[in-house]
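Order of the sequence lines fixes the chain letters, A, B, ..., with proteins taken first and strands second; residue numbering starts at 1 for each chain.
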Amino acid sequence: MALQGNLRDFTITQLLNLINLAGKNGALLVQGSNQAARMIFREGKLAFAQVGDSEGALPSVLHASDKVTDTQLHTLEQRATGMSDKELGLLLINAGYVTQADILESLQTYFTSIVNRLMTWVEGQFRFEEGVEVPENRIAVRIPLENLIMEGSRQLRELEQLRFEIPNLDMALSFTDRPGVNLKKVNLNVEEWRVVSYINPKNSIRQIATATQMNDLQIRRIVYGLLQAGLVKFVRPANAPSQLEGLKTAFPGVEQREEQKGLVNRLIERIRSI
Amino acid sequence: MLTVKMVVTGPFNAGKTEFIQTVSEIDVVSTERKISSEAERIKETTTVAMDFGRITVDNDLALYLFGTPGQKRFDFMWEILSEGMLGFIVMVDSTRPETFREARNILEAFRAFSPTPYVVAASKQDLEGAWELDDMRIALRLNEDEKLLPCIALDKESVKEVLLELLASILLELDNQ
């Protein structure tokens, strides 16, 4: 079924969060107001990206990261016609022009820059196509999304939007236990680490803000980033009233627990019979 | 007669009125008015105060179902309707991702009003363009222990399933203590 919509309602950061947490395989196609973009993911990690007319071919990527000169780029474009990026990469490594690390680093920098550009898009239709693979003639990389998401979240400046995303500062946070996610590998800044050190179901977000002396905008932005990166989740604060407390007024005049359960069982039987 | 109540809430046009109509034994007492706002004119009428439906168990017990208005400007009704509820259902239109954020906030508001058990019903799952439940769970920021159920508000069995799941959660809560 469809995973599609408009960037007005779902930002690129939120889409990356969804792809990351669901470990999706496929392509995210975005049609912006002037350009189209495509990002391909494998198991929730970025494998490839291209925007506009750029095909993201290896020679231009290496040139953009100063690994090859203008003359070398010209030569490669002329001679490497019909050659896949993998074949060309091997040729360049064997000829001693670049190392494998150079190639991977250049591709990662290039794809990351595309995603960062996309983060600024606020208008456009998106669609996720399941199962789409990186084209045969291109080299796939494997970039975890947590850092990209954190970077995108740091750019949020509008308090109104953050209030809509995190309406209740009385909620607490706890760490998620997603396999393969190591907090130490995520590039957090000092302020983010300070918040992380207070994350515990016993502490509400408001208490964390007080302890870290952060204002509304700062705490919401950091919490939003951690949530989007899938590092933390909302939980009810440990001292919040239980659901049983809430049920106290639901059975007027019926105090005994067994009697209350009897009423619920009668409701169940009745609804089954409808 | 003892009456207990559940609240059916959610964003505009999520299918709350249909949900109640499908299982209520009385014609739903509805406060629908023609929609005045152009932006929200994706259906002809909308609930402005509340919907009311009833399921009678026997001479001693009845379940009342209250549907909240979906439009934001009527949110003052939410707290009033949530008083003394047994639990609540948040309906979310699976085909309109633009309403997911609002659904999250409605859920949050109701949890704050009254911490009773709840389920989230992903409505219109039979329509083309409906999001998958797994994707909706992430977009709605629901944890694994929060129930997200597929729902077709016009299908009696589907509506019954949602109500039964909520009652099961209530029973579990009473059992846990």
Next on the checklist: Taking the side chain as everything from C-beta on, heavy atoms only, tell me whether A:Leu3 gets closer than 4.5 Å to B:Glu132.
Outcome noted: no

Checklist entry - Heavy-atom distance under 4.5 Å to chain A: side chain of B:Lys160, backbone, both or neither? => result both

Checklist entry - Taking it one step at a time, do A:Phe234 and B:Leu142 satisfy side chain to side chain contact (heavy atoms under 4.5 Å, CB included)? => result CA-CA 9 Å; A:Phe234 281 129; B:Leu142 296 174; over 6 Å; no

Checklist outcome for this item: In this structure, CE of B:Met85 is separated from CG of A:Leu247 (nearest 0.5 Å) by 9.5 Å

Checklist entry - Taking it one step at a time, do B:Phe100 and A:Asp9 satisfy side chain to side chain contact (heavy atoms under 4.5 Å, CB included)? => result CA-CA 9 Å; B:Phe100 292 175; A:Asp9 313 308; over 6 Å; no

Checklist entry - Can you tell me if CD on B:Glu83 sees more than 12 non-hydrogen neighbours from other groups inside 6.0 Å? => result no

Checklist entry - Got a salt bridge between B:Arg141 and A:Glu165, using NZ or NE/NH1/NH2 to carboxylate O under 4.0 Å? => result yes

Checklist entry - By a 4.5 Å heavy-atom criterion (distance strictly below it), what part of B:Ser169 contacts chain A: side chain, backbone, both, or neither? => result neither

Next on the checklist: How about OH on A:Tyr198, more than 12 heavy atoms from neighbouring residues, nucleotides or ligands closer than 6.0 Å, or not?
Outcome noted: no

Item to check | Reported OG-to-NZ distance for the pair B:Ser114 and A:Lys248, which is rounded to 0.5 angstrom | outcome: 12.5 Å

Checklist entry - By a 4.5 Å heavy-atom criterion (distance strictly below it), what part of A:Leu227 contacts chain B: side chain, backbone, both, or neither? => result side chain

Item to check | Crowding at CD, B:Glu128 (>12 non-hydrogen neighbours, <6.0 Å) | outcome: no

Checklist entry - At what distance, to the nearest 0.5 angstrom, does CG of A:Asn265 lie from CG of B:Leu174? => result 9.5 Å

Checklist outcome for this item: Tightest non-hydrogen contact, residues B:Val4 and A:Ala250, listed as CG1-O, 3.4 Å

Checklist entry - Given the rule in the side chain to side chain contact (heavy atoms under 4.5 Å, CB included) test, do A:Lys261 and B:Leu171 qualify, once you have shown the distances and angles that lead to the verdict? => result CA-CA 6 Å; A:Lys261 281 162 61 179; B:Leu171 203 54; 4.0 Å; yes

Checklist entry - Of the listed residues (B:Ile170, B:Leu163, B:Thr116), which shares the most heavy-atom pairs with chain A below a 4.5 Å separation? => result B:Thr116

Checklist entry - Can a salt bridge be assigned to the pair B:Asp175 and A:Arg257 using a cut-off of 4.0 Å between side-chain N and carboxylate O? => result no

Checklist entry - Side chain, backbone, both or neither: which part of B:Arg104 has a non-hydrogen atom closer than 4.5 Å to chain A? => result side chain

Checklist entry - For B:Pro97 and A:Gly5, which heavy atoms make the closest approach, and how far apart are they? => result CG-CA, 4.3 Å

Item to check | Contacts of type side chain to side chain donor-acceptor pair (under 3.5 Å), residue A:Asn17, not counting sequence neighbours | outcome: none

Next on the checklist: Tell me whether the rings of A:Phe10 and B:Trp131 are parallel (<30°), tilted (30 to 60°) or perpendicular (>60°).
Outcome noted: tilted

Checklist entry - So, B:Glu25 and A:Arg270, do they make that salt bridge, N to O below 4.0 Å? => result yes

Item to check | Atom CZ of A:Arg236: over 12 foreign heavy atoms under 6.0 Å | outcome: yes

Item to check | Portion of B:Glu144 that has a non-hydrogen atom of chain A nearer than 4.5 angstrom | outcome: side chain

Item to check | Non-neighbouring partners of B:Asn105 that pass side-chain contact (heavy atoms from CB on, under 4.5 Å), sequence neighbours left out | outcome: A:Phe164, A:Pro167

Checklist entry - Say you draw a straight line from CD1 of A:Ile274 to CD of B:Glu157; how long is it, rounded to the nearest 0.5 Å? => result 9.5 Å

Checklist entry - Are any non-hydrogen side-chain atoms of B:Leu86 and A:Phe251 less than 4.5 angstrom apart? => result yes

Checklist entry - Which heavy atom of B:Gly84 sits nearest a heavy atom of A:Thr249, and at what distance? => result CA-OG1, 3.5 Å

Item to check | Closest-packed option against chain B by number of heavy-atom pairs under 4.5 Å, given A:Met171, A:Gln260, A:Gln14 | outcome: A:Met171

Item to check | Which of B:Val159, B:Leu167, B:Asn143, B:Thr99 touches chain A most, by non-hydrogen pairs under 4.5 Å | outcome: B:Leu167

Checklist outcome for this item: A:Asp170 meets the side chain to side chain donor-acceptor pair (under 3.5 Å) criterion, sequence neighbours left out, with A:Arg206

Next on the checklist: So for A:Lys24, is it side chain, backbone, both, or neither that comes closer than 4.5 Å to the heavy atoms of chain B?
Outcome noted: side chain

Checklist entry - Which of residues 53-63 of chain B have a heavy atom under 4.5 Å from any heavy atom of chain A? => result B:Ile55, B:Thr56, B:Val57, B:Asp58, B:Asp60, B:Leu61, B:Leu63

